[in-house]
Visitor: 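Have a look at this one before I ask anything.
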Amino acid sequence: MTFDVLITGGRVVDGTGAPAFRADVGVRGGLVEAVGRLGAAEAAVRIDAAGRLVLPGLVDCHAHGDAAVFDPFVQQAALRQGVTTFVLGQDGLSFAPATSPASFAYASRYFAAINGPHPHVDGPVSVAGLLAGYDGATALNTVYLLPHATIRFDAMGAAERAAEGDELRAMLRAVERGLAEGAAGLSSGLEYAPGRYADAAELAALCAPLGGLPYVTHMRAYGASASVGMTEVVEIARRSGAAVHVSHLHGPASTLLPLVEDARRQDVDLTFDTYPYLRASTILAMVTLPPWVPAADPDRAVAVLSSERERLAGEWAGRDDLWPRITLSHAPGFEWAEGMTLPAAAAEFGAGPAEFCRVLLAETRLQAGCVQARPDEGPAGEESVRAVMRDPGHTGGSDGIYVGGHPHPRGFGAFARYLGRHVRELGDLTWEQAAVHLASHPARRFRLPDRGLVRRGQAADLVVVDPATVADTATYDKPRSLAVGVDDVLVGGVPVLRGGELTGATPGRALRPA
């Protein structure tokens with residue numbers, strides 16, 4: 001036999017959960033052609049995997065790479081962790097479908113500190129148009145979720161109420177059209193504006209056309225209050241019949257796992273993703289602004305930040321516990337403050353934390369981002385992370401944000417941390433279980449039947465992992481440090497990472513669900 005690529009001498013972890021086995025993997029025409037004893041075969045490219053594992057490409061179920069995926073450094077950061085596919089359109093906010101300049105501006109500006117500007121799209125765009133832009137333009141595959149808040153703003157602007165009549169019908173048509181154009185589900189962000197104004201009836205109506213694809217939700221509440229969010233998730237699932245995937249599930253395991261089990265007892269098809277860190281990251285406006293500030297309309301919000309200074313100061317007066325937990329990740333015009341805690345930056349600026357926060361939000365037009373320490377930091381929080389990831393409904397999602405000078409390290413290390421710390425060091429998952437949780441399970445969830453397994457006929461998204469050295473190196477102090485232990489990766493049968501460096505090939509595709 002003659003192959004395009006032949007990976008020899010490794011142990012295959014095939015994604016089925018079966019024990020790893022020694023075998024060579026032959027790739028031809030973008031597919032896995034053979035798995036077995038193939039060492040004597042000819043190949044245009046040979047990769048020696050002796051002492052290493054061959055895994056299916058990992059799927060990051062929650063990545064904010066909608067624009068960043070075109071950045072070669074972001075591609076390298078993902079591939080060095082074994083990630084070959086990003087699931088985009090998260091938290092109900094992304095670029096498409098936006099049919100008017102106003103809705104595109106909202107989607108771009110409100111989440112500027114999370115998604116950043118799209119390098120190739122600067123106005124209204126359809127789902128089909130957005131997906132076409134990913135094909136052959138990046139080393140990574142992408143999967144796209146329909147963003148509820150973008151669709152909502154397109155139909156009814158920043159209205160602070162549930163959708164009605166014609167508005168809901170317009171949103172439903174947008175969902176149906178987006179699914180026909182290749183979207184793999186619907187996402188919501190119920191702590192962001194204006195998604196937070198939707199009720200369960202609105203969301204259930206929009207989930208009805210999903211036909212087995214998941215409703216992916218940033219719930220209305222997490223942590224110790226997760227029952228609030230999960231109760232609504234179950235209601236939406238039962239009213240619509242939709243499968244549900246909860247984004248970045250975090251909080252005490254003693255609270256979360258019983259809620260997950262209760263949903264299953266009610267026949268809800270529920271999965272979720274987590275990242276193996278205790279700190280969060282989001283837009284500063286969501287963490288700090290009271291709900292009466294019209295955050296979905298930056299122009300109005302900036303005016304309110306000026307006209308309601310005394311009211312804001314009164315509300316913020318009792319939040320001294322919050323400011324020290326905030327580290328600035330993205331602060332356009334205030335780059336000197338990135339990486340500093342909000343009180344430290346405020347002291348440098350010459351103001352109190354609340355006043356500096358007000359000025360920062362106004363001057364950046366709400367486009368500031370932050371990393372936030374949660375109250376559950378510490379041993380108990382770490383034990384909860386470990387317990388939750390062992391649940392069979394678990395998948396991996398970095399929630400990676402690549403915008404700003406000092407982002408959260410999770411985008412650069414989450415999957416390497418899973419493999420190095422939680423598989424090799426702590427034994428929370430076996431290598432076989434990790435391949436299921438991080439590759440084959442997500443592929444099934446987003447209906448990608450040709451991904452997630454090392455098996456003949458599957459797309460050759462393949463990762464060669466050194467089990468002895470794979471590790472994250474990104475930290476809160478140095479968040480953009482690349483992972484180690486993954487040096488060779490194929491996407492669609494094409495080598496995209498050799499010796500830890502990008503090859504320059506861009507075989508990535510926008511994957512449409514079967």
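Model, not experiment: these values are computed from the prediction.
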Visitor: Regarding Glu33 and Arg456, does a basic nitrogen lie under 4.0 Å from an acidic carboxylate oxygen?
Guide: yes
Visitor: Would you find more than 12 non-hydrogen atoms of other residues, nucleotides or ligands less than 6.0 Å from Arg109 atom CZ?
Guide: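 Above 12, so yes.
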Visitor: Can you confirm if the aromatic rings of Tyr476 and His408 lie within a centre distance of less than 6.0 Å?
Guide: yes
Visitor: CZ/Phe86 to OH/Tyr134 distance, rounded to the nearest 0.5 angstrom?
Guide: 10.5 Å
Visitor: Between His245, His248, His250, which is the residue that forms a ring-ring contact (aromatic ring centres under 6.0 Å, His included) with His62?
Guide: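 With His62 as partner, His245, His248, His250 yield a single ring-ring contact (aromatic ring centres under 6.0 Å, His included), made by His248.
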Visitor: Can you tell me how far CZ of Arg445 sits from OG1 of Thr271, rounded to the nearest 0.5 angstrom?
Guide: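 Answer for the OG1-CZ pair, Thr271 versus Arg445, is 3.5 Å.
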Visitor: Compute the ring centroids of His118 and Phe70, then answer whether they are less than 6.0 Å apart.
Guide: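 For His118 and Phe70, the ring centres are under 6.0 Å apart.
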Visitor: What do you reckon, are the aromatic ring centroids of Tyr215 and His148 less than 6.0 Å apart?
Guide: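 No, the ring of Tyr215 stays outside the 6.0 Å limit from the ring of His148, centre to centre.
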Visitor: Thinking salt bridges, do Arg455 and Asp14 make one under a 4.0 Å N-O criterion?
Guide: no
Visitor: With rounding to the nearest 0.5 Å, note down the distance linking CG in Leu502 to CD in Gln75.
Guide: 6.0 Å
Visitor: Phe412 and Tyr402: aromatic ring centres closer than 6.0 Å?
Guide: yes
Visitor: So with a 6.0 Å cut-off around CZ of Arg37, is the heavy-atom count from everything else above 12?
Guide: no
Visitor: Only one of Arg480, Arg417, Arg421, Lys478 passes salt bridge (Lys or Arg N to Asp or Glu O under 4.0 Å) with Asp472; say which it is.
Guide: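 Testing Asp472 for a salt bridge (Lys or Arg N to Asp or Glu O under 4.0 Å) against Arg480, Arg417, Arg421, Lys478 leaves exactly one candidate, Arg417.
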Visitor: Do the numbers put Arg11 on top of the ring of Phe21, so that NZ or CZ is under 6.0 Å from the six-membered ring centre and no more than 45° off the axis?
Guide: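 So Arg11 doesn't make the cation-pi contact.
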Visitor: Please determine, by modelled atom types, if Thr341 and Thr327 share a side-chain donor-acceptor pair under 3.5 angstrom.
Guide: no
Visitor: In terms of ring plane angle, is the pair His218 and Tyr222 parallel, tilted or perpendicular, where the classes change at 30° and 60°?
Guide: perpendicular
Visitor: Tell me whether the centres of the aromatic rings in Tyr275 and Tyr418 are closer together than 6.0 Å.
Guide: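 No, too far apart.
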Visitor: Honestly, is Arg410 close enough over Tyr277, meaning NZ or CZ under 6.0 Å from the six-membered ring centre and within 45° of the axis?
Guide: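 No, Arg410 does not lie over the aromatic ring of Tyr277.
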